[in-house]
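Here the structure comes first, spelled out in structure tokens, and everything after it is commentary.
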Amino acid sequence: MSADQLYPPSTELVENANITRWMRDRGIASYDALLARAADYEWYWAEMAKELDWFQPWTRTLRWNTPFAEWFLGGKINIAYNALDRHARGPRKNKVAYIFEGEPGDVQRWTYYDLWRETNRFANALKRLGIQAGDRVTLYLPMIPQLPIAMLACAKIGAVHSVIFSGFSSTALKDRVNDAEAKLLITADGSFRRGKAVPLKANTDAALAAGTPSVRHVIVVRRTGLEVSMQSGRDLWWHDLTAAESDHCESVPLDSEAVLFTLYTSGTTGKPKGIVHVHGGYAVGVHTSLKYVFDLKETDIYWCAADIGWVTGHSYIVYAPLMLGATSVMYEGAPDWPEPDRWWRIIAREGVTILYTSPTAIRMHMKFGESWSRAHDLSTLRLLGSVGEPINPEAWRWYHAHVGGGRCPIMDTWWQTETGAFMVSPLPVTPLKPGSATRPLPGIAVDVVDQSGQRSPDGEGGFAVIRQPWPSMLRTLYKDPDRYRQTYWSRWPNLYLTGDAAMRDADGYLWFRGRADEVLNVAGHRLGTSEVESALVAHPAVAEAACIGVPHDVKGDVPKVYVTLKAGHQPSPQLADELKQWVANEIGPIARPEAIEFRDRLPKTRSGKIMRRLLKAETLGKDVGDVSTLED
Ligand code: PRX
């Protein structure tokens, strides 16, 4: 990497950065000195934890019983208290927390006081329905203010939320409700997407009809006005339920290790993993990362254009910005609706200063062309962010030039649902290299190792691992500690396996290459190849299926599947379409295969494992490599 490709931060940015003040207060003179000082990671995280409000201070920073971590032991905290209560009672009471824009163009401004009162009313309603600390509540809601409100209300009373992305199908919803054994399901009549109302309550009804024995009540938000069927005794309207509730509800002091939420993510088997996060450490991790990486200031208008249904929205639309008392934009609909400049209009109207999005979205805007962003005043932007997949240098440069006006640094943040918060990312003091997430953040030990778990030499690719615990790490997999140990900690002793391939260069910068396992990254969302395969073999015509990822110029990867049919079924274009739709119905539209190829048989190892690697090499026209284990 030659020096002319380095993008050093401006002196002004460095001088005024939150991290610079933090370093100055502690006599730390440089970025390298900061990383060295934070090698004492218990010290570093304890310093960061002091920035939050604790009902009772912790007595021990970390207990590390590999691979099970507990942070801030003995401490009592509630993340909702930090996100709402302390602001509603302080100088930020009338500051806008969310500028919400619905897809039809309706705008709502929620102050901290508004948000706090509605959360309190809803928390009281939850209690009235018998929801107690530790109970699981499934949220199947679009990007509307009631989603963060319901999450915060759960957190207030110690209930555990499980948000299911509203683009998931009723089958995916049912499976996740049943895994969580949720007592309560919260949804909306529908949501607006590309000018249409998506029938969420009808999807929910289909999930319930398929069998969700734990669910006692369904709360429905009226959003679209779609007609819905309400089952008496079970289904309740949000507005009826909260109308008479009190505006006051105290956040309960919780053990710092109390579970805050579970969030399902794809793994290498057909069954999604319930990632478990807790109040204390997660609060510290997301608060620290947003404050110092995106350098959030009192006057910023911050916009994370993700969906709350994924971890990015949990951490960086809901919990971190609210804990920081920020003003955030929240947008309901499609980025190109009704025209490709929807985002640029919002940025210009609200004077957005920080934009955080994904390479897929950037590449989509690149395709529309820069005339759309050029037509709007984006001069208020000062920082940009990227997440979800490796950003190709071309997209990086386009984003830098045509959104950031050449003046905004891009924070390429590498992290995962499991890590809760950013792990590898620049700080405002870090010189940037387009395409690299730069270096591990202070207190974080991400590294690259070879097949045997030894540190890879600089410049050589390998597997990304994490060498030590961090506060916002997942604590376990829901109801499955063995799978937790097996999935992340069994390949090499004491190394957390991220599943990503990466390379460390001579400057210590990390270059993430994508997944090194049977997981695809479709438009920044994880999809297990085996999930697609299990959906397909559930179709009456399908005998066997193999799914691979093929590169796509906007979405990163897209699924392609190879299918063998059962006797009596013939390949046809109609059947291919039917199978694509089947997968979309079983999992959700993001899983819809881009292509289906019928085969008489699939290549297998002698032990009967389908060799996806071979299909992939063939499809991409690459060398098939070692085929000595091939059966035939
Ligand atoms: O492969 C990496 C990719 O997304 C995976 C995590 O996916 P998920 O848990 O759904 O969380 C996405 C949002 C945090 C990682 O294993 N990934 C995420 N961010 C980056 C990335 N790959 C390269 N660069 C990134 N900045």
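Worth knowing before you read on, the calculation uses all heavy atoms, side chains too, and leaves out hydrogens, waters and symmetry mates. All ligand and atom numbering here is 1-based and tracks the order in the structure.
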Quick one: does [X] get a heavy atom under 4.0 Å from ligand 1?
X: H525; value: no
X: G388; value: yes
X: P390; value: yes

Going by an N to O cut-off under 4.0 Å, is there a salt bridge joining D507 and K433?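 Yes, this pair counts.
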Which heavy atom of the protein is the closest neighbour of atom 24 (N) of ligand 1, given with residue, atom name and distance? E389 O, 3.3 Å
Give me the nearest non-hydrogen protein atom to atom 13 (C) of ligand 1 as residue plus atom name, then the distance to 0.1 Å. T312 OG1, 3.4 Å
Pick, from N521, D500, T417, L527, the option with the minimum heavy-atom distance to atom 8 (P) of ligand 1. T417
Does the ring centre of F422 sit less than 6.0 Å away from the ring centre of Y292?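 Between Y292 and F422, the centre distance exceeds or equals 6.0 Å.
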Given side chains that start at C-beta, do those of L427 and L34 come closer than 4.5 Å, heavy atoms only?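 In short, these two side chains touch, coming nearer than 4.5 Å.
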Going by heavy atoms in the side chains, are L13 and R382 under 4.5 Å from each other?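 Side chain of L13 against side chain of R382, heavy atoms only: contact under 4.5 Å found.
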My understanding is that only residues two or more places apart in sequence, or in another chain, count here; which of them pass side chain to side chain donor-acceptor pair (under 3.5 Å) with K580?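 By the side chain to side chain donor-acceptor pair (under 3.5 Å) rule, K580 matches no residue at all.
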Of all residues at least two apart in sequence or in a different chain, which pass the side chain to side chain donor-acceptor pair (under 3.5 Å) check with W489?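 For W489 the side chain to side chain donor-acceptor pair (under 3.5 Å) partners, ignoring immediate neighbours, are Y484.
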Going by the order shown, which atoms of ligand 1 are within less than 4.0 Å of some heavy atom of W415?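 So the atoms of ligand 1 that pass are 6 (C), 14 (C), 15 (C), 18 (C), 19 (N).
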Mark up the atoms of ligand 1 that fall under 4.0 Å of a heavy atom belonging to F512, in ascending order. 23 (C)
Parallel, tilted or perpendicular for H402 and W398, by the 30°/60° rule?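 H402 vs W398 ring planes: tilted.
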Does T265 reach ligand 1 with a nitrogen or oxygen that is under 3.5 Å from one of the ligand's nitrogen or oxygen atoms?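 It does not: no N or O of T265 is found under 3.5 Å from an N or O of ligand 1.
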Below 3.5 angstrom, do we get any N/O pair linking S386 and ligand 1?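 N/O-N/O distance below 3.5 Å does not exist for this pair.
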